[in-house]
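The structure that follows is given in the form of structure tokens.
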Amino acid sequence: MKTALITGITGQDGSYLAEFLLKKNYKVIGVMRRSSTTTHERIEHILDKITLAQADMHDQGSLINLIEEYQPTEVYNLAAQSFVHSSWNQPILTGDVNALGVTRLLETIRYVNPKIRFYQASSSEMFGKVQEIPQNEKTPFYPRSPYGVAKVYGHWITVNYRESFNIFASSGILFNHESPRRGLEFVTRKISDGVARIKLGLSDRLNLGNLDAQRDWGFAGDFVEAMWLMLQQSEPNNYVIGTGETHSVREFCEIAFDYVGLEYEKYVINDEHNFRPAEVDLLISDPSQAMKDLGWKYKVSFKELVKMMVDADLNRLEYHHYSN
Ligand code: NAP
Ligand code: F7E
């Protein structure tokens, strides 16, 4: 039986990846940082099937203990300060976790067991002010936030440990992927939650920022398969993962409001607090390399994703509304 260790198990992707690997018969070790409250919400339903271990990306010793104790065959590094907007308020923390944290984990693998296969969660935010449309593995990076800058470091240190120490280290450059488990501060979930609240009479407005930003949005459940596929190849590499389509925040709003019979213009308020010091205007992937080498393609369409998220928030809020 293979053992997979996932940092960021309590996050959106960690929960979907754990489900996916359990179905593939892996022993799953989920890494959590210490917290004064429980952060199990997304993995509650699989807690009896996985092993939880404590470590923090800031702390080298905790990572060494982890890898020595569990001796994983594959390590998926999903832990990060993942909210771009917060990275301007916490640039040093973001760099410590998202950039140096990757080195800490790679150093641990180098010394404890260099045969471990390593996946790094890189991001389309590395393309930032895009130098090419669409973006592929060869497109130059131009990050536009402390988050993007830190992810560029994480990407290159992964490539560097592959080339310097022959570690099987792959970098997945994933475009935005969403789900009903997305954090409430990200724009897609903010909209699906806002639409559900307005529909149920719990709210009458939704404050948003730049409606013209365009993103290549896919479903997180589809994207975790690509992470696993990268570690099953004969050679490590970098892969762009996305749908190859782009849509604006405005379009997301239109579809989400329209789905429940409302017009977004009546409820969405432009709020300067939601604008960023520097914006990423347009992201669109060219995932042809991944389609060819990994045989990967997304399954859930943009419209299906919007509806899935609105339905889930309606169900969740209706349940709480009527059970209280
Ligand atoms: P997420 O929901 O925000 O999850 C992030 C995870 O990292 C959480 O489990 C969090 O733990 C953990 N974490 C944060 N700081 C940590 C620390 N110091 N030590 C240990 N764990 C720590 O993010 P996601 O959407 O699942 O994304 C997963 C990864 O993919 C991230 O690296 C993200 O940057 C990257 N990525 C995401 C997307 C996307 O569209 N979702 C696209 C490209 C790349 P707590 O629960 O305790 O906070
Ligand atoms: O913003 C605009 C905002 O915060 C998307 C992370 O998973 O994907 C994610 O980063 C766009 C931006 O995600 C609001 O200005 C408008 O242009 O949902 P977001 P993100 O910044 O694209 C990448 C690939 C990652 O790697 C990250 O970890 O939407 N926008 N109004 C808004 N955004 C937010 N959050 N809130 C608003 O009110």
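Ligands are counted one by one from 1 in listed order, and the atoms in each one are counted from 1 as well.
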query = Which residue supplies the protein heavy atom nearest to atom 14 (C) of ligand 2, what is that atom called, and how far is it?
reply =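 Protein heavy atom at minimum distance: V187 CG2, 3.5 Å.
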message = What I want to check is whether the side chains of T246 and D216 have a donor and an acceptor closer together than 3.5 Å.
response =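 On atom types as modelled, these side chains do not qualify, holding no pair under 3.5 Å.
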ask   = Counting each atom of ligand 2 from 1 as listed, which ones have a heavy atom of F83 under 4.0 Å away?
value =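 Close to F83: 4 (O), 35 (N).
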ask   = Which ligand 2 atoms are under 4.0 Å away from a heavy-atom of Y147?
value =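 Near Y147, the atoms of ligand 2 are 25 (C), 26 (O), 27 (C), 28 (O).
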ask   = Any nitrogen or oxygen of S124, main chain or side chain, under 3.5 Å from a nitrogen or oxygen of ligand 1?
value =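 No, since none of the N or O atoms of S124 sits under 3.5 Å from an N or O of ligand 1.
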task = Using only heavy-atom distances, determine whether the side chains of N77 and T7 contain a donor-acceptor pair under 3.5 Å.
result =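 Checked: N77/T7 side chains pair up, N/O donor to acceptor below 3.5 Å.
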query = Parallel, tilted or perpendicular for H85 and W88, by the 30°/60° rule?
reply =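 The arrangement is perpendicular - the two ring planes meet at more than 60°.
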query = When you measure from atom 13 (O) of ligand 2 to every protein heavy atom, which one gives the shortest distance, and what is it?
reply =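 Atom 13 (O) of ligand 2 sits closest to the protein heavy atom N176 ND2, 3.8 Å.
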key: E279 versus N210, side-chain donor and acceptor atoms under 3.5 Å   =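 Short answer, yes.
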inquiry  = So if I count the atoms of ligand 2 from 1 in the order they appear, which ones are less than 4.0 Å from some heavy atom of G209?
reply    =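 Reading through ligand 2 atom by atom, the close ones are 14 (C), 16 (C), 31 (N), 38 (O).
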message = Assess whether a salt bridge exists between K115 and E74, defined as any Lys/Arg side-chain N lying under 4.0 Å from an Asp/Glu carboxylate O.
response =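 E74 and K115: not salt-bridged.
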key: Within-cut-off N or O pair, R276 and ligand 2, under 3.5 Å   =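 N/O-N/O distance below 3.5 Å exists for this pair.
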message = Checking Y259 against D311: is there a side-chain donor and acceptor pair closer than 3.5 Å?
response =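 There is such a pair (donor and acceptor under 3.5 Å, judged by atom type) between the side chains of D311 and Y259.
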query = Any nitrogen or oxygen of A55, main chain or side chain, under 3.5 Å from a nitrogen or oxygen of ligand 1?
reply =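 It does not: no N or O of A55 is found under 3.5 Å from an N or O of ligand 1.
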task = Check the side chains of Q289 and D293 for a donor-acceptor pair under 3.5 angstrom, ignoring hydrogens and angles.
result =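 Yes, Q289 and D293 have a side-chain donor paired with an acceptor closer than 3.5 Å.
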ask   = Under 4.0 Å from any heavy atom of A121, which atoms of ligand 1 are there?
value =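 Heavy-atom distances to A121 below 4.0 Å select 29 (C), 30 (O), 32 (O), 35 (C).
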Residue, atom name and distance, where the atom is the protein heavy atom closest to atom 12 (C) of ligand 2 =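 Protein heavy atom with the smallest distance to atom 12 (C) of ligand 2: R215 NH2, 3.4 Å.
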task = Can you figure out which of S62, A79, A80, S35 has its heavy atom closest to atom 14 (C) of ligand 1?
result =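 The nearest heavy atom belongs to A80.
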inquiry  = Counting only nitrogen or oxygen atoms and a 3.5 angstrom limit, does T188 reach ligand 2?
reply    =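 In fact, backbone or side chain, T188 has no N or O that close.
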inquiry  = So if I count the atoms of ligand 2 from 1 in the order they appear, which ones are less than 4.0 Å from some heavy atom of S124?
reply    =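 Taking each heavy atom of S124 in turn, ligand 2 has 24 (C) under 4.0 Å.
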request  = Number the atoms of ligand 2 from 1 as they appear, then name those within less than 4.0 Å of a heavy atom of V84, with their elements.
outcome  =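 Reading through ligand 2 atom by atom, the close ones are 10 (O), 21 (O).
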request  = Look at the aromatic rings of F252 and W217 and report parallel, tilted or perpendicular, splitting at 30° and 60°.
outcome  =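 F252 and W217: perpendicular rings.
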message = Counting only heavy atoms, tell me which of I241, I9, T10 gets closest to atom 45 (P) of ligand 1.
response =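 When every heavy atom of I241, I9, T10 is considered, T10 comes closest to atom 45 (P) of ligand 1.
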inquiry  = Salt bridge check, E19 against K24: does any charged N sit closer than 4.0 Å to a carboxylate O?
reply    =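 Salt bridge between K24 and E19, a charged N being under 4.0 Å from a carboxylate O: no.
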message = Tell me the nearest of V84, D13, T94 to atom 24 (P) of ligand 1, using heavy-atom distances.
response =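 Answer by nearest heavy atom: D13.
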ask   = So which bit of E125 gets within less than 4.0 Å of ligand 1, heavy atoms only: side chain, backbone, both or neither?
value =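 No part of E125 comes within reach of ligand 1.
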ask   = Taking only heavy atoms of S82, which atoms of ligand 1 are found under 4.0 Å from at least one of them?
value =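 Near S82, meaning under 4.0 Å from one of its heavy atoms, ligand 1 has 1 (P), 3 (O), 23 (O), 33 (C), 34 (O).
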query = Just heavy atoms, cut-off under 4.0 Å: does R182 contact ligand 2 by side chain, backbone, both, or neither?
reply =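 It is the side chain that touches ligand 2; the backbone stays farther off.
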ask   = Any luck finding a side-chain donor-acceptor pair between T3 and T73 under 3.5 Å?
value =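 No, no side-chain donor-acceptor contact under 3.5 Å.
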query = At a 4.0 Å threshold, what atoms of ligand 2 neighbour a non-hydrogen atom of E279?
reply =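 Taking each heavy atom of E279 in turn, ligand 2 has 3 (C), 12 (C), 15 (O), 17 (O) under 4.0 Å.
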task = Check whether the side chains of N207 and K190 place a donor and an acceptor atom closer than 3.5 Å, and report yes or no.
result =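 Result is no, nothing qualifies.
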task = Using a 4.0 Å heavy-atom cut-off, say whether V97 meets ligand 1 through its side chain, its backbone, both or neither.
result =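 It is the side chain that touches ligand 1; the backbone stays farther off.
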query = Among protein heavy atoms, which sits nearest to atom 37 (C) of ligand 2, and what does the distance come to when rounded to 0.1 Å?
reply =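 Protein heavy atom at minimum distance: K190 NZ, 3.7 Å.
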query = Judging by distance only, is a nitrogen or oxygen of H177 under 3.5 angstrom from one on ligand 1?
reply =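 Among all N and O atoms of H177, at least one is under 3.5 Å from an N or O of ligand 1.
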request  = Please could you name the atoms of ligand 1 that S122 approaches to less than 4.0 Å, counting only its heavy atoms?
outcome  =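 By the 4.0 Å cutoff, the relevant atoms are 43 (C), 44 (C).
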key: Proximal ligand 2 atoms for S123, defined as those under 4.0 Å from one of its heavy atoms   =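 Answer, ordered by atom number: 23 (C), 24 (C), 25 (C), 26 (O).
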inquiry  = Tell me whether the NZ or CZ atom of R250 lies within the 45° cone about the ring axis of Y264 and under 6.0 Å from its centre.
reply    =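 The answer is no, since R250 fails at least one limit relative to Y264.
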task = Could you tell me whether the side chain of P143 reaches within less than 4.5 Å of the side chain of E125, counting heavy atoms only?
result =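 E125 vs P143: side chains apart.
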task = Give the contacting part of L208 toward ligand 2: side chain, backbone, both or neither, where contact means a heavy-atom distance below 4.0 Å.
result =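 Both backbone and side chain.
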query = Considering only protein heavy atoms, which is closest to atom 43 (C) of ligand 1, and at what distance to one decimal place?
reply =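 Nearest protein contact, heavy atoms only, for atom 43 (C) of ligand 1 is L174 O, 3.1 Å.
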request  = Please determine, by modelled atom types, if W156 and Y161 share a side-chain donor-acceptor pair under 3.5 angstrom.
outcome  =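 Their side chains do not contain a donor-acceptor pair, so the 3.5 Å distance test is not met.
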key: Sub-4.0 Å heavy-atom approach of N176 to ligand 1   =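 Heavy atoms of N176 do come under 4.0 Å of ligand 1.
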ask   = Under 4.0 Å from ligand 1, counting heavy atoms only, is it the side chain of Y147, its backbone, both or neither?
value =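 Side chain only.
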ask   = Between M32 and ligand 1, which residue portion shows a heavy-atom distance shorter than 4.0 Å: side chain, backbone, both, or neither?
value =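 Near ligand 1, M32 shows nothing, with every heavy atom at 4.0 Å or more.
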key: Closest candidate by heavy atom, reference atom 19 (N) of ligand 1, pool E41, R182, M57   =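 Checking each option, the heavy atom nearest atom 19 (N) of ligand 1 is found in M57.
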task = Return yes when Q12 approaches ligand 2 closer than 4.0 angstrom through a heavy atom, no otherwise.
result =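 For ligand 2, residue contact (heavy atoms, under 4.0 Å) with Q12 is absent.
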query = Below 3.5 angstrom, do we get any N/O pair linking E185 and ligand 2?
reply =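 Such a contact does occur with ligand 2.
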key: For A213, the ligand 2 atoms whose distance to one of its heavy atoms is below 4.0 Å   =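 Listed by number with element: 17 (O).
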query = For F186, is the NZ or CZ atom of R189 found under 6.0 angstrom from the centre of its six-membered ring and inside 45 degrees of the ring axis?
reply =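 No, R189 does not sit over the ring of F186.
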query = Counting from 1, what ligand 1 atoms have a heavy atom of S123 closer than 4.0 Å?
reply =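 Answer, ordered by atom number: 43 (C), 44 (C).
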request  = Please assess F127 against F141 for the test ring-ring contact (aromatic ring centres under 6.0 Å, His included), listing each intermediate value before the final yes or no.
outcome  = CA-CA 5 Å; F127 296 123; F141 300 138; 5.5 Å; yes
key: Any N/O pair G11/ligand 1 closer than 3.5 Å   =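 Among all N and O atoms of G11, at least one is under 3.5 Å from an N or O of ligand 1.
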ask   = Relative to Y267, does R205 satisfy both conditions: NZ or CZ under 6.0 angstrom from the six-membered ring centre, and within 45 degrees of the ring's axis?
value =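 No, R205 does not sit over the ring of Y267.
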query = Near H58, which atoms of ligand 1 are under 4.0 Å from a heavy atom of that residue?
reply =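 The atoms of ligand 1 under 4.0 Å from a heavy atom of H58 are 18 (N).
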Sub-4.0 Å heavy-atom approach of H85 to ligand 2 =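 Under 4.0 Å: no for H85.
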request  = Spell out, as yes or no, whether a donor-acceptor pair under 3.5 Å connects the side chain of S35 to the backbone of T37.
outcome  =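 Indeed, once roles are kept as given, a pair shorter than 3.5 Å links the two residues.
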